Colleague: 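Here it is, the structure in full.
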Protein chains: 2
Amino acid sequence: MERRRGAELEAVLLDAAWAELMESGYAQLTMESVAARAQTGKQVLYRRWRNRAELVIASMRHHAGSIVENVPDTGSLRGDVLGVLQQMADRFTQLGPDTIHGLMAEAPDLDPEVYSRMTGVMAAIVKRAAERGEIATADVPVVVLTAPTNLMRHEIFFSHSPVPSSTVTALVDDVFLPLVGFSRET
Amino acid sequence: MERRRGAELEAVLLDAAWAELMESGYAQLTMESVAARAQTGKQVLYRRWRNRAELVIASMRHHAGSIVENVPDTGSLRGDVLGVLQQMADRFTQLGPDTIHGLMAEAPDLDPEVYSRMTGVMAAIVKRAAERGEIATADVPVVVLTAPTNLMRHEIFFSHSPVPSSTVTALVDDVFLPLVGFSRET
DNA sequence: CGCGTAAGAGACGTCACGTCTCTAAGGAGA
DNA sequence: TCTCCTTAGAGACGTGACGTCTCTTACGCG
């Protein structure tokens, strides 16, 4: 019997967790079920992660890169913001609300850094827009900068169904753009 | 031994659940602990609520009335919106994030109605403001109407500490009022 | 005054948790 | 090539809470 080790084994574990998550959802995912799917023992999991939440978070990170490394650059402010929000929507509707809520409940110390990340992304987008002259200034209150991503996150968390794209465009056109003094033409 | 019944007993149960929630938090609250505190058996709880989440929600409703029944009327748009947001903040910082997240995770069908409720509250406030002439029109996109309360809810859920009042005022002054075309004087 | 509903109490089976223990694989070093 | 040491693979184990069931007994209703 080939015995897996190190990084190879770890990848198998994370894949097993991801598969379990996609197939049965967070509530059904147990350390036992992941171990069984990976054809190993629970101890192998507990050696690496302290609990279910950490395992699942690691598996999410393993499975998909971060939005931060993939900031859209469409050439227009509107396009960029839509791109970011759409990425968030896609990312999380894949998971479903029960995973999100479960994780929140079990991982009290889920990086606050994760949330502030989006602030940086939005700041970059706004800066570019200002340089292009689309808007007057990149000097925008933080609360405005984070409004679209926060509202998006709110939708994701509280709507029990995938976020419709009409909501995404409304967030951009009726909330964000007006706030940064972007006058709509068309 | 006096045997409690009906509404009297129910109140005792809800109070016990609330006390347990305040004292130990949602994670520590078990059907057993509530039953013990109320000096009764688990069956009495299960006869009324299907699970922990339903019990806790009932206990929250029992303990504090709804914001809807208490819409602020300060005479100014700004004051009214601040009032609503502050009520939300107070309400939920009392509970703590673990209760919120726990409930979300365990009560998948937590009334969507609960969220849309706030839309009505905000609509009423805006309507009054329009009638007073503070703003040009009460015809505001839903996404704008719900922006402040949704952002507030977002803060409550994701900040692990009480929401500072500076955030509350920023939401009103930098996001909501500009969106409804309220020009700040001072 | 007798009946029926539900309170009070707790036993019970189940499930997943997280810990522990044991055997054996297979890489590193001599 | 042999030995040692880490750790994979497997599963037993104790614990805690769940939600169900059962039993006795209080008490409101007719």
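So that the names make sense, note that chain A is the first sequence line, chain B the second, and so on, each numbered from 1. Note that the coordinates shown come from a computational prediction; the quantities given were computed from them, not determined experimentally.
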Colleague: Rounding to an integer number of Å, can you tell me how far A/Leu45 CG sits from C/dT19 P?
Modeller: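 Answer to the nearest Å: 13 Å.
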Colleague: With B/Arg52 as the cation and B/Tyr26 as the aromatic partner, state whether NZ or CZ is under 6.0 Å from the six-membered ring centre and within 45° of the axis.
Modeller: yes
Colleague: Which of residues 15-34 of chain B have a heavy atom under 4.0 Å from DNA chain D?
Modeller: B/Thr30, B/Met31, B/Glu32
Colleague: May I have the distance from B/Glu54 (atom CD) to D/dG19 (atom P), rounded to whole angstrom?
Modeller: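 Going from B/Glu54 (CD) to D/dG19 (P), I get 10 Å.
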Colleague: Would you classify B/Arg52 as touching base, sugar-phosphate or nothing, given that sugar-phosphate means primed atoms plus P, OP1 and OP2, and contacts are heavy atoms under 4.0 Å?
Modeller: sugar-phosphate
Colleague: Do B/Lys127 and B/Arg132 have side chains that approach each other closer than 4.5 Å (heavy atoms only, starting at C-beta)?
Modeller: no
Colleague: A/Glu10 pairs by salt bridge (charged side-chain N to carboxylate O under 4.0 Å, His left out) with which of A/Arg47, A/Arg48, A/Arg4?
Modeller: A/Arg48
Colleague: Would you tell me if any nitrogen or oxygen in the side chain of B/Arg5 comes within less than 4.0 Å of OP1 or OP2 on C/dT5?
Modeller: no
Colleague: Assign the ring pair A/Phe158 / A/His101 to parallel, tilted or perpendicular, where the plane angle (0 to 90°) is split at 30° and 60°.
Modeller: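 Plane angle between 30° and 60°, so tilted.
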Colleague: Round to a whole Å and report the spacing from CZ of A/Arg47 to P of D/dT6.
Modeller: 12 Å
Colleague: Please report the interatomic distance CG(B/Leu55) to CD(B/Glu20), rounded to the nearest 0.5 Å.
Modeller: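 Going from CG on B/Leu55 over to CD on B/Glu20, the span is 10.5 Å.
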Colleague: Which heavy atom in A/Thr137 sits nearest to a heavy atom in A/Asp139, and how many Å separate them?
Modeller: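 So the minimum-distance heavy-atom pair works out to OG1-N, 2.8 Å.
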Colleague: So, under a plain 3.5 Å distance rule, would you say the side chain of A/Lys42 forms a donor-acceptor pair with the base of C/dG18?
Modeller: yes
Colleague: Please tell me if B/Arg48 has a side-chain N or O lying less than 4.0 Å from either OP1 or OP2 of C/dA7.
Modeller: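 Affirmative; the distance criterion is met.
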Colleague: Hey, is the side chain of A/Thr40 poking within less than 4.0 Å of OP1 or OP2 on D/dA8, counting only N and O atoms?
Modeller: no
Colleague: Measuring to OP1 and OP2 of D/dG19, would you say a side-chain N or O of B/Arg50 lies under 4.0 angstrom away?
Modeller: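 No, no such contact exists.
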Colleague: Atom CG of B/Leu13 to atom P of C/dA6: distance rounded to whole Å?
Modeller: 15 Å
Colleague: I need the CH2-P distance between B/Trp49 and D/dG19, as an integer number of Å.
Modeller: 14 Å
Colleague: Report the distance from atom OH of B/Tyr46 to atom P of C/dG10, rounded to the nearest whole Å.
Modeller: 17 Å
Colleague: Have a look at B/Leu82 and tell me which of B/Leu171, B/Leu77, B/Thr169 forms a side chain to side chain contact (heavy atoms under 4.5 Å, CB included) with it.
Modeller: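 The side chain to side chain contact (heavy atoms under 4.5 Å, CB included) with B/Leu82 is passed solely by B/Thr169 among B/Leu171, B/Leu77, B/Thr169.
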Colleague: B/Arg4 side chain N/O closer than 4.0 Å to the phosphate oxygens (OP1, OP2) of C/dG8?
Modeller: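 Yes, such a contact exists.
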Colleague: Think A/Arg3 has a side-chain N or O under 4.0 angstrom from the OP1 or OP2 of D/dG9?
Modeller: no
